[in-house]
There are 2 protein chains.
Amino acid sequence: MGALDEGHLDAELENRVKLGFLELRLGDDSDTAVIEDAVKVLLQGLGEDPNREGLRKTPLRVAKAFREGTTGYQQKVKDIVQGALFPEAGLDGGLGHAGGAGGLVVVRDIDLFSYCESCLLPFKVQCHVGYIPSGQRVVGLSKLSRVADVFAKRLQDPQRLADEVCRALHSSIKPAGVAIFLQCWHIQFPTMENRTISSKVDMQGWAQISFCSGSGVFENENSDAWGDFSTLLMLSGVKMERNFKQYSSQCWCPSKPLEAVACTGHSSRILSKAGLGHPQPAMIAAVTSILCSLGEDPLRKELVGTPQRFLQWLMNFKRCNMEVMLNSFNNGKTSPCNFSLMRKKTGGDDHWDQNRIHSELNLPFWSQCEHHLLPFYGVVHIGFSYHEGAKTIERYILDSIVHFHGCKLQVQERLTRQIAETVASMFGGGVMVVVEANHICMISRGIEKVASSTATTAVIGRFSTDPSVKAMFLQSISNSRV
Amino acid sequence: MGALDEGHLDAELENRVKLGFLELRLGDDSDTAVIEDAVKVLLQGLGEDPNREGLRKTPLRVAKAFREGTTGYQQKVKDIVQGALFPEAGLDGGLGHAGGAGGLVVVRDIDLFSYCESCLLPFKVQCHVGYIPSGQRVVGLSKLSRVADVFAKRLQDPQRLADEVCRALHSSIKPAGVAIFLQCWHIQFPTMENRTISSKVDMQGWAQISFCSGSGVFENENSDAWGDFSTLLMLSGVKMERNFKQYSSQCWCPSKPLEAVACTGHSSRILSKAGLGHPQPAMIAAVTSILCSLGEDPLRKELVGTPQRFLQWLMNFKRCNMEVMLNSFNNGKTSPCNFSLMRKKTGGDDHWDQNRIHSELNLPFWSQCEHHLLPFYGVVHIGFSYHEGAKTIERYILDSIVHFHGCKLQVQERLTRQIAETVASMFGGGVMVVVEANHICMISRGIEKVASSTATTAVIGRFSTDPSVKAMFLQSISNSRV
């Protein structure tokens with residue numbers, strides 16, 4: 001009795017997305033080429049030169065990332081679960097519930113990444129799975145995670161993700177019931193309002209919403225089974241909100257109009273709505289061709305506006321848009337574009353007050369990795385020497401400099417250097433910049449190093465020549481974390 | 001200028017382990033078959049039937065896990081880094097350091113798993129990499145993680161791992177210097193002494209040691225460069241101990257004799273040393289054949305005793321050894337094998353005091369997953385009804401029951417049920433058991449869900465019929481976590 005019920009697995013378990021018109025094979029070179037061509041169109045639309053070093057291999061990297069991130073289209077739940085169903089005795093009849101008969105089994109804190117079908121940006125998922133075995137049949141614990149991953153690695157909506165995982169596990173294990181609880185985090189679009197929400201390198205700037213799905217004894221959300229599941233999640237620090245079904249997918253993705261107030265810090269006012277970047281029809285066609293090459297139907301209801309929404313995000317990083325935007329942002333206050341003017345105001349000679357090391361910490365930023373066309377985000381710390389008698393540099397000016405250099409295709413090392421150079425050119429003297437970031441390309445792609453974070457530094461003037469000044473500034477960042 | 005310095009990559013960068021006698025191709029079926037045969041010998045040596053359901057596919061699973069966990073033998077650093085070296089301007093000459101010239105770049109908290117070459121058990125690594133670019137050349141940030149993974153996916157010693165990653169990055173990026181800081185956790189062997197150290201599902205029971213390696217400006221551990229690196233790690237909560245080189249590999253792996261006192265909770269008194277299980281020569285030959293099939297030289301100095309040490313661990317889980325051990329463990333106190341006797345002492349009728357729900361929480365356990373021959377470990381919570389006038393069940397008795405059922409090839413669902421059944425057969429009445437665990441097979445193999453944890457339950461009698469009693473017990477576990 002190798003794999004129980006092999007013959008009884010529902011046809012539904014085949015679980016390839018029902019496209020009707022296209023079935024993909026992994027590693028199909030012609031599909032990869034389609035994505036590469038599309039990415040070249042996007043780069044040109046952003047005002048970039050696709051042949052410049054740094055971007056030359058970006059189309060290939062993006063194509064690989066899209067294909068790696070959507071391998072779920074090629075996987076069948078049946079292949080994963082069959083051979084991993086084990087006969088496991090339950091407690092003697094009438095005695096109680098355990099083993100293969102009624103003892104709740106839970107796998108908590110499964111880290112997943114998925115692609116939002118509404119805007120094509122990845123979203124992070126913390127997945128918690130519970131099921132109650134029946135028929136003296138249990139499934140290998142790691143398979144709960146693998147099945148969840150099959151559905152995560154597709155273009156998804158979180159509620160559908162929860163429902164699909166629930167349904168697939170129920171059909172394949174045939175248990176008394178399956179419970180799925182997902183905590184999902186969606187990248188926020190950088191708007192003027194939410195740019196300052198995040199104060200450290202974490203997911204504070206992300207919209208977080210929870211979703212659940214239940215079958216069998218978990219169909220009723222108020223059942224004891226849900227209560228037990230919820231308590232076992234609590235043991236690993238996961239708090240399950242009640243009434244979690246109130247969130248609609250309308251308010252989940254920041255690219256869609258806000259229709260409910262439940263999302264934390266959500267805003268639909270996108271930079272590109274300020275009239276800064278309008279995608280060309282060729283770009284929309286390019287994104288549509290990416291959808292097709294992934295095996296999706298671009299006419300599926302949920303995908304109809306996806307190319308526009310993805311481009312709405314991407315156009316935030318169009319070259320040369322920022323001057324216009326920053327001018328309007330500052331509402332007539334000192335324009336951060338007139339950096340040289342400001343320098344004049346703060347004095348020009350080189351007599352620095354040795355004791356005046358000023359620092360502005362935790363300036364939030366967003367940027368777009370030019371190697372993978374995926375966001376990286378985090379905080380910038382700036383330390384600088386004040387000229388004696390110089391007037392204070394206001395935080396909003398530094399904030400604008402950070403935003404100016406962040407809002408384009410970037411690499412973190414260059415961003416760090418450019419911020420340092422700009423601050424030095426404005427105010428002269430010593431400058432140190434530390435950029436701490438999370439890279440979506442590092443956590444959502446093949447290597448999936450979810451916990452990893454990066455830090456880059458640039459030092460100018462006395463920060464470069466005097467190690468104690470540098471150490472003092474680094475220490476001040478450290479102190480701010482306590 | 002696609003990939004900088006392609007022509008200058010050292011021959012060392014080829015970086016296949018220098019075996020001289022065997023080069024592996026990934027997915028070599030004959031090597032997989034060798035491991036499968038070896039695992040069958042091991043299962044028989046453990047007194048198991050390799051054909052019983054649950055074990056039937058274990059040889060294949062173990063073979064796949066070994067091959068997935070040692071793919072580093074087939075990977076070349078050159079393939080990873082070349083094409084990911086980008087020209088990146090530094091700050092203008094003399095001004096300072098940043099970008100491709102002297103600005104420290106750090107990737108923190110890279111989760112890795114490796115196999116201990118001393119005992120073949122996996123160990124967990126939190127890897128932190130820093131480098132200072134030179135020659136206007138930076139490497140894609142994700143490549144630092146990928147290169148570290150190449151060396152982690154081999155049989156390793158942590159100091160050599162640190163040194164190899166450092167050397168490989170230095171030769172390929174040609175920077176001003178590379179710093180590697182590794183925090184490593186090795187599974188402890190379950191000894192009588194350390195069985196009670198761990199009080200919750202975390203890595204408290206693991207031996208933790210840190211290792212570092214530096215090149216170029218990081219060669220001197222007291223340099224400013226190390227100071228900066230250390231502060232940037234501190235920003236993400238990583239405290240770098242000084243004098244970390246004092247730990248020798250002698251005391252790192254619990255299978256080796258203790259020669260230093262630096263390891264937390266380390267003990268070399270292994271269960272099998274109590275004369276409980278002696279591996280047969282056929283088992284030693286089997287493990288040796290696994291080493292060969294991975295492409296390693298079993299005569300390499302560090303590997304000479306590895307088969308014996310691996311078996312020393314494995315024999316802890318030999319069937320039918322436990323009675324002997326528990327008798328000696330209890331030193332003449334009530335033997336947990338005489339469960340029926342004890343039941344008699346505590347009375348036999350069915351008149352229970354409804355208010356006396358007693359619980360023993362956080363009983364630590366170790367077990368060995370029968371599907372993957374890898375450890376799982378964690379804590380057991382037991383709730384039970386007391387018979388009126390019955391004397392208190394002492395914790396050490398429950399502890400012994402947990403240990404009795406843990407120390408064999410197991411699955412978590414069965415372990416949970418067996419503990420519940422035994423407690424019920426001893427004391428009658430209602431019982432609830434919750435087992436919370438981490439599975440090495442879930443975090444070190446393909447799916448690498450590092451943060452995931454599992455929970456299984458069994459309920460008997462009033463815990464099964466009265467949801468409020470069950471909820472009360474679950475709540476008491478939850479309260480104990482605060």
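None of these values were measured; they are calculated from a predicted model. The sequence lines fix the lettering, A, B, ..., with proteins before strands; numbering per chain opens at 1.
- The candidate from A:Ala458, A:Ala420, A:Ala455 with the greatest count of non-hydrogen atom pairs under 4.5 Å with chain B is A:Ala455.
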Assess whether side chain to side chain contact (heavy atoms under 4.5 Å, CB included) is satisfied between B:Asp228 and A:Leu474, documenting all intermediate values.
CA-CA 8 Å; B:Asp228 294 349; A:Leu474 285 172; 3.6 Å; yes
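- For chain B, no part of A:Val435 is nearby; none of its heavy atoms comes within less than 4.5 Å.
- For the residue pair B:Arg417 and A:Gly99, the shortest heavy atom distance occurs at CB-N, 4.2 Å.
- Only the side chain of A:Asp224 comes within less than 4.5 Å of a heavy atom of chain B; its backbone N, CA, C and O stay farther away.
- Residues B:Glu436 and A:Arg108 are in side-chain contact: their nearest non-hydrogen atoms beyond the backbone lie under 4.5 Å apart.
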Verdict with reasoning, B:Met234 to A:Arg481, per side chain to side chain contact (heavy atoms under 4.5 Å, CB included):
CA-CA 10 Å; B:Met234 195 130 47; A:Arg481 287 288 159 82; over 6 Å; no
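- Of all heavy-atom pairs spanning B:Glu53 and A:Leu85, the tightest one is OE2-O, 4.3 Å.
- Contacts between A:Thr231 and chain B at a heavy-atom distance below 4.5 Å involve the side chain alone, from C-beta outward.
- Heavy atoms closer than 4.5 Å to chain B are found in the side chain of A:His371, but not in its backbone.
- Looking at A:Val431, neither its backbone nor its side chain comes within 4.5 Å of chain B, counting heavy atoms on both sides.
- For a residue to count as touching a neighbouring chain, one of its non-hydrogen atoms must lie under 4.5 Å from one of that chain's; by this rule A:Ala101 does not touch chain B.
- Residue B:Val129: no heavy atom, backbone or side chain, is found under 4.5 Å from chain A.
- We find the CZ-CZ distance between B:Arg414 and A:Phe86 to be 10.0 Å, quoted to the nearest 0.5 Å.
- Taking the side-chain contact (heavy atoms from CB on, under 4.5 Å) definition, one finds that A:Pro175 meets it with A:Tyr131, A:His170, A:Ile173, A:Val178, sequence neighbours left out.
- A distance of 7.0 Å separates NE2 of B:His97 from NZ of A:Lys470, quoted to the nearest 0.5 Å.
- B:Leu91 is listed as a side-chain neighbour of A:Ile460, based on a closest heavy-atom distance under 4.5 Å.
- The greatest number of non-hydrogen atom pairs below 4.5 Å with chain B, out of A:Thr456, A:Leu235, A:Val433, is found for A:Leu235.
- Between chain B and the options A:Leu104, A:Val107, A:Leu415, heavy-atom pairs under 4.5 Å are most frequent for A:Leu104.
- In this structure, the ring-ring contact (aromatic ring centres under 6.0 Å, His included) partners of B:Phe384, at least two apart in sequence or on a different chain, are B:His358, B:Tyr386.
- Between B:Leu232 and A:Val434 there is a side-chain heavy-atom pair separated by less than 4.5 Å.
- How far OG of A:Ser453 is from CD1 of B:Ile110: 9.5 Å, rounded to the nearest 0.5 Å.
- By the 4.5 Å heavy-atom criterion applied to side chains, B:Leu141 and A:Glu413 are counted as neighbours.
- Contact annotation for A:Gln418: neither backbone nor side-chain heavy atoms come within less than 4.5 Å of a heavy atom of chain B.
- Here OG of B:Ser452 is found 11.0 Å from NE2 of A:His128. Values are rounded to the nearest 0.5 Å.
- In terms of non-hydrogen atom pairs under 4.5 Å with chain A, the most contact-rich of B:Ala471, B:Gly140, B:Gly100, B:Ala89 is B:Ala89.
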